[in-house]
Visitor: 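Got a structure for you, written out below as structure tokens; questions coming shortly.
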Amino acid sequence: MPAKLSVNLNAIAMLRNRRDLPWPSVTDLGRIALEAGASGLTVHPRPDQRHVRFSDLAPIRALIDTEFSSTEFNIEGFPEESFMRLVEEHRPEQVTLVPDDPAQATSDHGWDFRKSHNLLGNVVGRLKKLGLRVSVFADGDPDREALAIAKDIGADRIELYTGPYGGCYDDPAEGARLVELLGETADIAHDLGLDVNAGHDLTVANLPALVARIPRLAEVSIGHGLTSDALQYGMAETVRRFRRACGQDV
């Protein structure tokens, strides 16, 4: 099956927040994305609410529940207690745990599973009791021991951090090297029984090589590149373009 596309709404929220006005509407553009065939919506509600605000979560949850019940809500973030309370309140189908410091501009690395074994084990157990699918951010490093820890703590999936790969837009040779490392990491994860998502700086141009190397890729979560393209092509057509890049028949 081709990789599913989850549209990350943070960049849209950031644009809205520049003027503290209700446009662009996060939920309206989320609706357009789902109407165009996106499989879900992703948000990363950071503690300072500089992107998606906590008040955005209920309307997005309602949008999916009332109009697009076959799609999914994915909430990502660092598992501090305030984040866990948001997750418990809004019950996304998937929670993606990232090792972000609150001061970071964006996610820029995966978990050190050896150091974070106990933290993640407790958090994942708590989330699984709610019946939620749990994905954990992982670097594109084919480290079997580290990925075995991710499996051991109860994660359902890893999300490959693809930022370095996305940064090779002007260096095809380095991009090819990194996509092979990502593929090797995915191979190990699949062998351990983990499903594999991917996200960060993915584009229509670099997605095909990634999905070719990881044919069992479950989902990609894309925000910045997709929102940038939406300014040029419109949200609906941009979603269709990214779905084609994922290998979907559109």
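This is a predicted model, so every value here is computed, not measured. FYI, the numbering just counts along the sequence from 1. No hydrogens, no waters, no symmetry mates; every other heavy atom, side chains included, goes into these values.
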Visitor: Would you call the rings of Phe78 and Trp111 parallel, tilted or perpendicular, where under 30° means parallel and over 60° means perpendicular?
Guide: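 Correct class here is parallel.
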
Visitor: side-chain contact (heavy atoms from CB on, under 4.5 Å) between Glu159 and Val98: does it pass, once the steps are laid out?
Guide: CA-CA 9 Å; Glu159 179 172 327; Val98 297; over 6 Å; no

Visitor: Quick one, Arg46 and Asn10 - any side-chain contact, counting heavy atoms below 4.5 Å?
Guide: yes

Visitor: Is there a side-chain contact (heavy atoms from CB on, under 4.5 Å) between Leu15 and Thr227 once you walk through the steps?
Guide: CA-CA 10 Å; Leu15 179 60; Thr227 304; over 6 Å; no

Visitor: Is there a side-chain contact between Leu210 and Asn206 in this structure, where contact means two heavy atoms from C-beta onward sitting under 4.5 Å apart?
Guide: no

Visitor: Got a salt bridge between Lys151 and Asp191, using NZ or NE/NH1/NH2 to carboxylate O under 4.0 Å?
Guide: no

Visitor: Nearest 0.5 Å, please: how far is CG in Asp229 from CE in Met235?
Guide: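 Here the interatomic distance stands at 10.0 Å.
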
Visitor: State, yes or no, whether a side-chain contact exists between Arg133 and Arg157 at a heavy-atom distance under 4.5 Å.
Guide: yes

Visitor: Could you check whether any side-chain heavy atom of Glu89 comes within less than 4.5 Å of a side-chain heavy atom of Arg61, counting everything from C-beta outward?
Guide: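 Heavy-atom side-chain distance check fails, nothing below 4.5 Å.
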
Visitor: Charged N to carboxylate O below 4.0 Å: is that the case for Glu88 and Arg85?
Guide: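 Salt bridge: no.
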
Visitor: How about Arg19: does its CZ atom have over 12 heavy atoms from other parts shown lying under 6.0 Å from it?
Guide: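 No, CZ of Arg19 has 12 or fewer neighbouring heavy atoms, counting only those of other groups under 6.0 Å.
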
Visitor: Do Met14 and Trp23 sit in one hydrophobic cluster, given that two such residues count as connected whenever their side-chain heavy atoms are within less than 4.5 Å of each other, even indirectly?
Guide: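 The answer is no; the residues belong to distinct hydrophobic clusters.
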
Visitor: So His51 and Asn8, side-chain contact (heavy atoms from CB on, under 4.5 Å) or not? Walk me through it.
Guide: CA-CA 11 Å; His51 298 146; Asn8 189 311; over 6 Å; no

Visitor: Tell me which one of Leu57, Thr42, Val95, Asp65 satisfies side chain to side chain contact (heavy atoms under 4.5 Å, CB included) with Phe73.
Guide: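 Among Leu57, Thr42, Val95, Asp65, the one that satisfies the side chain to side chain contact (heavy atoms under 4.5 Å, CB included) with Phe73 is Leu57.
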
Visitor: Could you state whether Leu119 and Val124 fall into the same hydrophobic cluster, counting links through intermediate Ile, Leu, Val, Met, Phe, Trp or Tyr residues with side-chain heavy atoms under 4.5 angstrom apart?
Guide: yes

Visitor: State which residues pass salt bridge (Lys or Arg N to Asp or Glu O under 4.0 Å) with Asp201; sequence neighbours excluded, sorted by chain then number.
Guide: none

Visitor: Under 4.5 Å side-chain heavy-atom separation, chaining through any Ile, Leu, Val, Met, Phe, Trp or Tyr, what else clusters with Tyr169? Say none if it is isolated.
Guide: none

Visitor: Would you check if there is a donor-acceptor pair between the side chains of Asn197 and Gln94 at a distance under 3.5 Å?
Guide: yes

Visitor: Answer yes or no: is there a donor N or O on one side and an acceptor on the other, between the side chain of Glu72 and the main chain of Pro92, under 3.5 Å?
Guide: no

Visitor: Can you confirm whether Thr71 sits close enough to Ser39 that some side-chain heavy atom of one is under 4.5 Å from a side-chain heavy atom of the other?
Guide: no

Visitor: If you measure from CG on Asn122 to CG on Leu127, what distance do you get to the nearest 0.5 Å?
Guide: 11.0 Å

Visitor: Is it the case that over 12 heavy atoms from other parts of the model lie below 6.0 angstrom from the NE2 atom of His90?
Guide: yes

Visitor: With a 4.0 Å cut-off on N to O distance, would you call Arg177 and Glu180 a salt bridge?
Guide: no

Visitor: Are any of the side-chain heavy atoms of Asn17 and Arg53 separated by less than 4.5 Å?
Guide: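 They are in contact (side-chain heavy atoms under 4.5 Å apart), so the answer is yes.
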
Visitor: Are Leu63 and Leu34 close enough, and set up right, to give a side-chain contact (heavy atoms from CB on, under 4.5 Å), and what steps lead you there?
Guide: CA-CA 10 Å; Leu63 171 68; Leu34 295 174; 4.3 Å; yes

Visitor: Quick check against the 3.5 Å criterion: does Asp139 have a side-chain atom that pairs as donor or acceptor with the backbone of Gly110?
Guide: yes

Visitor: So, do Lys128 and Asp156 sit near enough that their side-chain heavy atoms are less than 4.5 Å apart?
Guide: yes

Visitor: Side-chain contact test, heavy atoms from C-beta onward, threshold under 4.5 Å: evaluate it for Leu181 versus Asp141 and give yes or no.
Guide: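 The answer is no; the side chains never approach within 4.5 Å.
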
Visitor: Are Leu120 and Met84 linked, directly or through other ILVMFWY residues, by side chains that come within less than 4.5 angstrom of each other?
Guide: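 Result: yes, single cluster for both.
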
Visitor: What are the two closest non-hydrogen atoms of Glu76 and Pro45, and how far apart are they?
Guide: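 Heavy atoms only, the tightest pair is O-CD, 3.4 Å.
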
